[in-house]
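Order of the sequence lines sets the chain letters (A, B, ...), proteins ahead of strands, with each chain counted from 1. What you see below is based on every heavy atom in this structure, not just the backbone, and it leaves out hydrogens, waters and symmetry mates.
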Amino acid sequence: MKYDFKAIEKKWQQRWEEEKVFSAKDDFSKPKFYGLIEFPYPSGAGMHVGHIKAYSGLEIVTRKRRMQGYNVLYPIGFDAFGLPTENYAIKNGVHPRVVTDKNIARFTEQLKRVGFGFDWDRVVDTTDEKYYRWTQWIFLKMFDNGLVFRDKTLVNYCPSCKVVLSNEDSQGGKCDICNSDVVQKSKDVWYLRITEYADKLLEGLDTVEYPQNIRMQQENWIGRSYGAFVNFKIKDLEETLRIYTTRPDTLFGVTFMVIAPEHPLIEKHRARIANIDALDAYKEACAKKTEFERTQLTKDKTGVKIEGLSAVNPVNGKEIPIFISDYVMMGYGTGAIMAVPAHDERDYEFAKKFGIDIIEVIKGGNIEEAAYTGDGQMVNSEFLNGYDNKKDSIAAMLVYLADKGIGEKGVQYKMKDWAFNRQRYWGEPIPIVHCEKCGMVGVPYEQLPLRLPEVENFEPGEGGESPLAKIDSFVNCTCPKCGGKAKRETDTMPQWAGSSWYFLRYIDPLNDDCLADPEKLKYWLPVDWYNGGMEHVTRHLIYSRFWHKFLYDIGVVPSAEPYAKRSAQGMILGANGVKMSKSLGNVVDPLDVVDQYGADTLRTYVLFMGEYGTAAPWNESSVKGCKRFLDRVADLPAKVKGEGETAALTSALHKTIKKVSSDIEEMKFNTAIAALMGLLNEVDKVESITKDEFSVILRLLCPFAPHLCEELWEQMKGEGLCSLASWPTYDEAKTVDAMVEIALQICGKFRGTLMISKDAGKDELLAAAKAEPKIASMLEGKTIVKEIVVPGKLVNIVAK
RNA sequence: GCGGGUGUGGCGGAAUUGGCAGACGCGCCAGACUUAGGAUCUGGUGUUUUCCACGUGCAGGUUCAAGUCCUGUCACCCGUACCA
C-alpha cells in the first residue's frame, strides 16, 4: 500500500534536526568513527543525483556505526571558492559572496530533504574568512618552512579564463574549467614544493587502506624512478653534459645523445655551432606547440643534429653526436639523455630515421627489427660482459661510475612542484607582501585573515593579472618587517587550497585560536573512511595528503596520514547509458525523484542500481521497483502479532542480519538491499511476524530508508528513535537451516536434489543419495569409480 | 604503448575456500480485482520441442566438478601519455 511519504519525511527531518540526532559529541570516552565525503562545490545548478550516490555510501556506513554505539562524525561543508561562481557573478553583476550564499542555502535545503545524517552544527564554508584565515595560516607556515617559492617559468595559460593553470588543470592541453586550448606563457608563479614530500607520499601508501587502482594511480602520478646521473664530456671543451638514465647498464651501447630544444647548452655555445639557424628554427617550432601537441606526435620522431658539438662516452672514449629533439623534455631529469637505440624504443626509432649506429649490449632480441628492452646477457660491454641480468649489471656500473667520478646514482619523479596561484578574485588572497628592501615577507599571523577587498569589477586584467591588482588600497601597504613601502601579492590561491585541509576543520569548526584543538584532533584523526570520486584520487587526494604530512611534521596534527581508508563511487549515467549532461537532456534532478517517489526511494535506488564503485545507468522503472518494496514494508504492521522469534523466520532473519551487516562493510549495498527484499518475500509466506522480528527488519532497513523506518518504529512503540536503536546482532548457529538441500550429481552432471538434516554425515548422505529413485536407476548396471561427498553441499557419484 | 579493470538472460546485476549459474529488481507473458489500468495482487519467465541437450566474450587445458584456477586470444571501459 502506498504511504504518505511527504508527511513522514517532513515530520522526521524536523525531529532529527530539533533533537540534533546526528551531531557528533566530543565525548572522548566513546569509540569514534569519522566518515568523510568530498564536500560539494555549491554550483548554481543545484544538486545532481551523482551527489546523492556519492554521499549515500558512507551515509549507510555511518548510520550503522551510530547504531553500533560509535560516536560518529559525518560532516558536510562547501568548497565554495572557484571560477564558475566568479564567472556567474561577472556576467550577472552580483557579488560572488551573494551567489555563494544563495547556492549554499539551496544545497543545504536539498541535502536535508534527502534526509542525510550529516552533522549540521559543523558546516564549513571555505570562503568564510574564519575558515580561510587558517588556509592562509597553513600557507604561511609552509612559507616559513621553505616549501613556498616563486619562479619564472613557462606556464599553462588559458586565454579564455585568463588564468594560469597547473599541469593537473590542463591535462590534454585543454583548460579544466572552460575546455579551451591552453597556451604556453612565461610568467612568475607561486609554487609549493610538493616534490619534497614525494617519498613520504609514496611510502605512506603502505600504511593506509586504499584500493589497488587508487594506490596505483598515486604511485604513477608521483612516478619515482631509480637510476643514475652520468656526466659526458663535450669534445674539445671544458664542459660536461649531464644526463639521467634508469639504464646505466647500457652505457656501452650509447651511440648518440639527445637534448631538449630549450637546453642551455645551445645558448652557451652558439658561436661554435655551425647550424645554429636550423636549431633555432626547430626550437621555435616546438615552442609554438602546446604540451599536448608535442606529446601527440608519438610516432614520428623529429630532430636536428648539432653541428660543431659532440660528446665523449665516458666509459669507452668514443665520440658521439648530439641532437636536439622534442621527445626529450626540459622538465624531467636533466633535459638531456644518452641514447641507446638497441635497447630503447624511442631511441631506436630516432636512430633508424637518422641512420645512426645501433650497438647491441644485451643479448636476447633481434636488433635488426626492434629495440630489445628485456633482460639478458651483456655483450660488447667490456667489464660488464658476462653479467646476465639488469640488476647486477646496473649495480656493477654504479660502482664503476662512482669510482671513476663520472656519475652517481639518482632518483627522479614525474610529479612536479605544485603551481599554486590564480589571477582571479574569488579565492584566498596569498598573504605575502613584496618589499623592495626585505623581499617577500609573510603577513604576520596575528593579522590573518587577510580579507578579500571589495572590488567594483571582478574581471581579470588583460595581461592576466588578478582583479586585486586594480585596488590601490589593497596593493599598497607597509612592510611588516621594516615598515617601509611595500606591495601586496595580488594572486589568489587555487581552488585546491581550501579542500586540502577541510576535514581538519570539521573537528573544531568554530575555533578562533587555532586550526583545531589538539585534543580533539587526537581523538578524531585519522578520518576512518573517505569516499569520493575517482577524478580526485590524484590531485585532491595527493594535495591534501601533502598538506596533512606537512602539518604532521610541524606538530599540528597527530597522524601521519589523513585518511585511513579510501573508496570511490561510480557515476550515475543517463538512461541512455551515457554521462548525464544538460545538452543531452538526460539529467535527473534528485528533488524530482524525492517529490514523486520520496527520499527513501531515492536513497534505496541509488544504492540498489548496481555495484557501488561502478557506473550504472538511471532507470526509472527500477526506481518504481524500490518504491514498491518500501510500500510493501509499510504494510507490515498489519502482520505483527506477539513477541519473540518464530521458527519459520528465524534462520532467514539471522542470515539477513549477517548478510546486511557484512555487505555494508564491503559497500555491497545492492546485495544488502536485495537480501532485505528477499527477507520480505519470506515474510510474505508466513501468516504473521512478531514485534521482535519486525524490529529487526526496521533496524536493518533504517540506514537506507530512515524516514519510513522511524514512522513504523513509532507506530510499533519502539523505544526512542529507530536511528539510535541498536544494530541487530545474529547468532551464527541460527543462520543455518535444520534441513539443507543437497545437490546430486552423476559424473559431475546435476541430476537432482535431496533434503536432508544439516548434521547428516558422509555415509548417511551417500546412502540417501543412492536411495533416490532417479539416481538409483541411473546407476543401475554401472560400476562406481569414485564417490565425492561434500557435507551441506553435494554428492557426486562417478560411474562407468 | 604502459598501468588498472570489466566481459554472465531482453535490461541493471547476483553467485565464501572451485560445488545446483542467473539471487534481487526491472521488463515481458498469463491470470485476478476493476467502468478503466500506465494502480495493486497471484503465477510464469536463460536457450531449445517435454525428457535429453546447450549455455558466463572466444580457443584450449587442469579437475569427479570451472563464471571461479592455468595458457593463449578478442572486445570494451577508466587512468596515463615520448618520464629517459
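- B:C78 atom C1' lies 20 Å from atom CZ of A:Arg215, rounded to whole Å.
- Contact annotation: A:Arg628 side-chain N/O to B:C26 OP1/OP2 distance is under 4.0 Å.
- In this structure, CE of A:Met534 is placed 12 Å from C1' of B:C77, rounded to the nearest angstrom.
- Ionic pairing of A:Lys352 and A:Glu349 is not present here: no N-O contact between side-chain nitrogen and carboxylate oxygen is shorter than 4.0 angstrom.
- Atom pair A:Tyr605:OH and B:C26:P shows a separation of 12 Å (rounding to whole Å applied).
- With both pairing distances under 3.5 Å, B:C24 is matched to B:G12 as a Watson-Crick or G-U wobble pair.
- A salt bridge between A:Glu682 and A:Lys655 is absent, with no side-chain N of the basic residue lying under 4.0 Å from a carboxylate O of the acidic one.
- Base pairing of B:G60: its partner is B:C70, meeting the Watson-Crick or G-U wobble criterion (both donor-acceptor distances under 3.5 Å).
- A donor and an acceptor atom, one from each side chain of A:Tyr282 and A:Thr302, are located under 3.5 Å apart.
- Out of B:G25, B:G3, B:A84, the shortest distance to the side chain of A:Asn220 is found at B:G3.
- Per the geometry, NZ belonging to A:Lys655 stands 14 Å off C1' belonging to B:U16, to the nearest Å.
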Inset, instruction - Could you walk me through whether A:Tyr605 and A:Tyr597 pass ring pair (Phe, Tyr, Trp, His ring centres under 6.0 Å), step by step? - result: CA-CA 10 Å; A:Tyr605 175 65; A:Tyr597 302 101; 9.4 Å; no

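- In this structure, A:Ala615 reaches the sugar-phosphate backbone alone: every heavy-atom distance under 4.0 Å involves primed, P, OP1 or OP2 atoms, never a base.
- In this entry the base of B:G9 is syn relative to its sugar, with a glycosidic angle within 90° of 0.
- For B:G55, there is no paired nucleotide, since no Watson-Crick or G-U wobble pair has both relevant distances below 3.5 Å.
- The residues A:Arg215 and A:Asp206 are annotated as salt-bridged, a charged nitrogen and a carboxylate oxygen being separated by less than 4.0 angstrom.
- If you check every strand for non-hydrogen atoms under 4.0 Å, A:Gln745 touches a base.
- If you check every strand for non-hydrogen atoms under 4.0 Å, A:Thr246 touches sugar and phosphate atoms only.
- Annotation: B:G25 and B:G18 have their C1' atoms spaced 28 Å apart (nearest Å).
- Donor-acceptor pairing under 3.5 Å is recorded for the side chains of A:Ser225 and A:Tyr244.
- Considering only side-chain atoms of A:Val328, the nucleotide from B:C64, B:A14, B:A84 that sits closest is B:A84.
- Within the nucleic acid shown, A:Asn796 comes within 4.0 Å of at least one base atom, counting heavy atoms only.
- Atom C1' of B:G67 sits at a distance of 13 Å from the matching atom of B:U6, rounded to the whole Å.
- With B:G3, B:A84, B:C26 as the candidates, the nucleotide lying closest to the side chain of A:Met329 is B:A84.
- As rounded to the nearest Å, B:C74 and B:A39 have P atoms that lie 48 Å from one another.
- Rounded to whole Å, atom C1' of B:C83 lies 11 Å from atom CD1 of A:Ile337.
- Checking A:Cys747 against A:Arg751, the closest nucleotide of RNA chain B that is more toward the 5' end is the one next to A:Arg751.
- Among the atoms of the strands shown, none is found under 4.0 Å from any heavy atom of A:Lys627.
- Whole-Å rounding puts the A:Asn619 CG to B:G12 P distance at 10 Å.
- Annotation: B:U56 and B:C52 have their C1' atoms spaced 22 Å apart (nearest Å).
- A:Glu666 and A:Lys565 are not joined by a salt bridge, as no carboxylate oxygen comes within less than 4.0 angstrom of a charged side-chain nitrogen.
- Between the base of B:C20 and the side chain of A:Lys793 there is no donor-acceptor pair shorter than 3.5 Å.
- Base pairing of B:G43 is made with B:C29, judged by Watson-Crick or G-U wobble geometry with both donor-acceptor distances under 3.5 Å.
- Candidate nucleotides B:C41, B:C83, B:G3 were compared by shortest atom distance to the side chain of A:Met216, and B:G3 ranks first.
- Distances from the side chain of A:Val790 to the nucleotides B:A15, B:G4, B:G19 place B:G19 closest.
- With P as the reference atom, B:G13 and B:C78 are 15 Å apart, rounded to whole Å.
- Within the 4.0 angstrom heavy-atom criterion, only backbone atoms of the sugar-phosphate kind lie near A:Gly625; the bases stay farther away.
- A salt bridge between A:Lys627 and A:Glu620 is absent, with no side-chain N of the basic residue lying under 4.0 Å from a carboxylate O of the acidic one.
- Looking only at atom types and distance, the side chain of A:Asp357 has no donor-acceptor partner in the side chain of A:Thr255 under 3.5 Å away.
- Atom C1' of B:G10 sits at a distance of 14 Å from the matching atom of B:G22, rounded to the whole Å.
- B:G37 and B:G31 have their P atoms separated by 12 Å, with the value rounded to a whole Å.
- By the 30° and 60° cut-offs, the orientation of the rings of A:Phe350 relative to A:Phe354 is parallel.
- Residue A:Gln412 is out of contact with every strand shown, counting any heavy-atom pair closer than 4.0 Å.
- Taking only side-chain nitrogens and oxygens, A:Asn670 comes nearer than 4.0 Å to OP1 or OP2 of B:A14.
- Base pairing of B:G3: its partner is B:C78, meeting the Watson-Crick or G-U wobble criterion (both donor-acceptor distances under 3.5 Å).
- Checking the phosphate oxygens (OP1, OP2) of B:A84, a side-chain nitrogen or oxygen of A:Tyr332 falls inside 4.0 Å.
- Distances shorter than 4.0 Å separate none of the side-chain N or O atoms of A:Thr245 from OP1 or OP2 on B:A84.
- Taking only side-chain atoms of A:Gln212, from C-beta outward, the nucleotide of B:C26, B:G4, B:A15 with the closest atom is B:G4.
- Summary of the strand contacts: A:Ala674 and A:Lys659 both lie near RNA chain B, and taking for each the nucleotide with the nearest heavy atom, the more 5' one is attributed to A:Lys659.
- Residue A:Asn681 has a polar side-chain atom (N or O) positioned under 4.0 Å from OP1 or OP2 of B:G25.
- Rounded to whole Å, the distance from CD on A:Gln217 to P on B:G5 is 12 Å.
- Comparing B:C82, B:G25, B:G3 by their nearest atom to the side chain of A:Ser622 picks out B:G25.
- In this entry the distance linking CD1 of A:Ile673 with P of B:G13 reads 14 Å, nearest Å.
- The residue A:Asp347 sits apart from the nucleic acid: no heavy atom pair falls under 4.0 Å.
- Across the P atoms, B:C76 and B:A66 are found 30 Å apart, a figure rounded to whole Å.
- A:Glu345 contributes no side-chain N or O that forms a donor-acceptor pair with the base of B:C82 under 3.5 Å.
- The side chain of A:Ile788 sits closest to B:C64 out of B:A23, B:C64, B:C20.
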